[in-house]
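Reading through the structure tokens given below for one structure.
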Amino acid sequence: MSNGFRDPVLIFDGDCPWCSKWVMWAMRSSGGWEAMAFQLADLPALDKRVGGWDVLKPVRCRHRLLWVTPRGRQYSGVEACARLLMRLSGPRAYLGGLLALQPVRALVGLAALPVVRYGHRTYRHSLPVPLPVRE
């Protein structure tokens, strides 16, 4: 399936300082993937490139990370974090592998619920944090 991009894309909430800082940390650690704030992304065009199933919506991106592979596979939330960590080098890749296991993913997802539900409310209506440019 040729859809116009080679590397996975991480779509995140650019309004959320936690999301933005985490993505900036990961960008310093590894290449081979792209990151974009959903507020600055052309979601309909990206959705079309990955199959056109109309699932890349702002409301979905606002509440969780999305990891979209070049073949159109989509991972969200904790599973998206796991996929990104597996792309990094060293112990972080092993942490991503551990996080990809269903029981661990479920526990981390439950622990993250307060952040998802309440943490994002305080950061609405700000400008997305600009990401550094990879060299």
Side-chain angles (χ1 to χ4, degrees):
M1 174 181 189
S2 177
N3 54 18
F5 66 104
R6 291 186 331 234
D7 295 325
V9 177
L10 181 74
I11 302 169
F12 67 100
D13 183 356
D15 282 345
C16 173
W18 293 322
C19 298
S20 298
K21 286 181 183 179
W22 190 77
V23 170
M24 283 191 277
W25 167 80
M27 287 182 76
R28 286 192 306 263
S29 303
S30 158
W33 57 279
E34 295 178 49
M36 59 180 70
F38 83 88
Q39 295 91 339
L40 304 175
D42 184 359
L43 291 179
L46 184 60
D47 187 67
K48 192 180 218 181
R49 287 182 3 191
V50 297
W53 294 312
D54 203 27
V55 294
L56 295 179
K57 300 254 185 213
V59 69
R60 186 170 181 221
C61 300
R62 181 170 286 128
H63 296 291
R64 57 184 38 161
L65 293 171
L66 292 176
W67 181 262
V68 182
T69 68
R71 291 184 168 228
R73 181 86 193 244
Q74 298 171 30
Y75 302 93
S76 63
V78 176
E79 198 168 5
C81 292
R83 297 290 164 177
L84 174 57
L85 287 170
M86 285 191 279
R87 295 282 264 183
L88 304 180
S89 59
R92 295 171 291 215
Y94 293 108
L95 179 62
L98 181 66
L99 198 56
L101 299 173
Q102 174 56 33
V104 176
R105 196 170 60 239
L107 287 173
V108 172
L110 284 174
L113 277 177
V115 173
V116 172
R117 285 193 179 152
Y118 305 110
H120 284 236
R121 287 185 186 176
T122 59
Y123 299 110
R124 292 287 143 231
H125 310 298
S126 62
L127 294 175
V129 177
L131 293 175
V133 176
R134 280 203 190 116
E135 297 176 16

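The structure presented is a predicted model; accordingly, all values stated were derived computationally and were not measured.
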**OP:** Could you check if a side-chain atom of Arg60 sits within less than 4.5 angstrom of a side-chain atom of Ser76, using non-hydrogen atoms only?
**Re:**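 Of all side-chain heavy-atom pairs linking Ser76 with Arg60, at least one is under 4.5 Å.
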**OP:** Please identify each residue that fulfils side-chain contact (heavy atoms from CB on, under 4.5 Å) with Arg105, with sequence neighbours left out.
**Re:**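 Scan of Arg105 (side-chain contact (heavy atoms from CB on, under 4.5 Å), adjacent residues dropped) gives Val78, Glu79, Gln102.
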Distance check, rounded to the nearest 0.5 Å: [X] atom [atom1] versus [Y] atom [atom2]?
X     : Y     : atom1 : atom2 : answer
Trp33 : Leu88 : CH2   : CG    : 7.0 Å
Asp7  : Arg87 : CG    : CZ    : 6.0 Å
Asp15 : Arg62 : CG    : CZ    : 7.5 Å
Arg64 : Asp13 : CZ    : CG    : 12.5 Å
Trp25 : Ser20 : CH2   : OG    : 15.0 Å
Leu66 : Lys57 : CG    : NZ    : 13.0 Å

What closest approach, in Å, do [X] and [Y] show between heavy atoms, and which atom pair accounts for it?
X     : Y     : value
Cys61 : Ile11 : SG-CG2, 3.8 Å
Met27 : Ala35 : SD-CB, 4.3 Å
Gly14 : Ala37 : CA-CB, 3.7 Å
Ala82 : Gly96 : CB-O, 3.5 Å

What about [X] and [Y], same hydrophobic cluster or not, with Ile/Leu/Val/Met/Phe/Trp/Tyr joined at side-chain heavy-atom distances under 4.5 Å?
X      : Y      : value
Met86  : Leu84  : no
Leu101 : Tyr94  : no
Tyr75  : Val104 : yes
Leu85  : Leu107 : no

Subject >> Check against side-chain contact (heavy atoms from CB on, under 4.5 Å), Leu56 and Phe38 >> reply: CA-CA 9 Å; Leu56 295 179; Phe38 83 88; over 6 Å; no
**OP:** Identify, with sequence neighbours excluded, every residue that meets side-chain hydrogen bond (donor to acceptor under 3.5 Å, both in side chains) alongside Arg73.
**Re:**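 Partners of Arg73 by the side-chain hydrogen bond (donor to acceptor under 3.5 Å, both in side chains) criterion come out as none, since no residue qualifies.
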